[in-house]
Amino acid sequence: DIPSHLDDLPPTLLKKDYANLPVMNSVDDVVKRLLSLEMASQKEKMKVKTQQLVEKVRRSPSDNGSFELLSLFFTVAILTARIRTLEEHLQRHPKDKKNRRCMLMELDRRRKMLGYLRRVNYSTFENTCKQLDIQYSPPQPYTRRVTKRWLVKKALCIKVFQEKQKLKAAERLKQRREWQARARAARAQQE
């Protein structure tokens, strides 16, 4: 069966190698089905998905060599294709931990790239998310879970810090008095 995000394609979409052959018009439906994406290997399906997503992100048909496209958009499109393929696989095989971990790593890479794009050029970030149908949510700020042990430790640290400040203040006062005494003695010697 055809993956869910390829639903906009006709089910008889032929593999890339067979799409432009003139003989395909006169071939039986069974042969067409065998040569369609429905019967294609996972690798061939992945190529088609990636190509589709890259075409969506591409600004113009002749735009295939710009630095931005090759470095960022192209990578985001490839990661999106991989993520969607892994999601489909995990729906069929929910206990596959290795592929779940791979999907989470790919999601993290894509989130980092989209975060960078969001900081650098927000309009292209929005366009990319819209074209690839991605919901971007910024990472949550780190918050520490408050426990009794942490509160006691924090109180102890604050108390130690305050005691240390008192000791430093007394030492600074003692130093200041010594400097003042030296200054007085130097003035008295000059007179």
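Being a predicted model, the structure only gives us computed values, none of them experimental. The first residue in the sequence is number 1, and the count goes up from there. The figures here come from the full heavy-atom set of this structure, side chains too, leaving out hydrogens, waters and symmetry mates.
The hydrophobic clustering, which links ILVMFWY residues whose side-chain heavy atoms are closer than 4.5 Å, places Leu107 and Tyr136 apart. Under the 4.5 Å side-chain contact rule for hydrophobic residues, Trp150 and Val152 do not share a cluster. No chain of hydrophobic side-chain contacts below 4.5 Å, direct or via other Ile, Leu, Val, Met, Phe, Trp or Tyr residues, connects Met105 to Ile134. No continuous path of ILVMFWY side-chain contacts below 4.5 Å connects Leu104 to Leu79, so the two sit in separate hydrophobic clusters.
Inter-residue side-chain proximity for Arg118 and Pro138 is flagged as met; some heavy-atom pair is nearer than 4.5 Å. Contact annotation: the side chain of His93 never approaches that of Asn99 to less than 4.5 Å [non-hydrogen atoms, C-beta and beyond]. The shortest distance between side-chain heavy atoms of Leu117 and Val76 does not fall below 4.5 Å. Between Arg109 and Arg82 the shortest side-chain heavy-atom distance falls below 4.5 Å. Looking at heavy atoms from C-beta onward, Thr128 lies out of side-chain contact with Glu126 at the 4.5 angstrom threshold. Between Lys148 and Leu151, the closest side-chain pair of non-hydrogen atoms is not below 4.5 Å. At least one side-chain heavy atom of Asp133 sits less than 4.5 Å from a side-chain heavy atom of Arg84. Side-chain atoms of Glu106 and Thr80, non-hydrogen and from C-beta on, never get closer than 4.5 Å to each other.
From Lys153, atom NZ reaches atom OG1 of Thr147 across 9.5 Å, with rounding to the nearest 0.5 Å. Atom SG of Cys102 and atom CG of Leu86 lie 6.5 Å apart (nearest 0.5 Å). Atom NZ of Lys95 sits about 8.0 Å away from atom NZ of Lys97, to the nearest 0.5 Å. We find the NZ-CH2 distance between Lys174 and Trp179 to be 13.0 Å, quoted to the nearest 0.5 Å. Atoms CZ and CD1, from Arg110 and Ile83 in turn, are 4.0 Å apart once rounded to the nearest 0.5 Å. Put simply, CG on Leu90 and CE on Met103 are 5.5 Å apart, with the number rounded to the nearest 0.5 Å.
By the neighbour-count criterion of 12 heavy atoms within 6.0 Å, atom CD of Glu171 is sparsely surrounded, having that number or fewer from other residues, nucleotides or ligands. Within a 6.0 Å radius of OH in Tyr116, other residues, nucleotides and ligands contribute 12 heavy atoms or fewer. Heavy-atom contacts from other residues, nucleotides or ligands closer than 6.0 Å to CD of Gln189 number 12 or fewer.
With Phe161 as the fixed residue, the side-chain contact (heavy atoms from CB on, under 4.5 Å) test singles out one of Glu163, Lys159, Gln165: Gln165.
For Lys112, the salt bridge (charged side-chain N to carboxylate O under 4.0 Å, His left out) partners are Asp108, not counting sequence neighbours.
By the 4.5 Å side-chain criterion applied to Ile, Leu, Val, Met, Phe, Trp and Tyr, Leu167 is assigned to no cluster and stands alone.
The nearest pair of heavy atoms linking Leu114 to Cys129 is CD2-SG, 4.3 Å.
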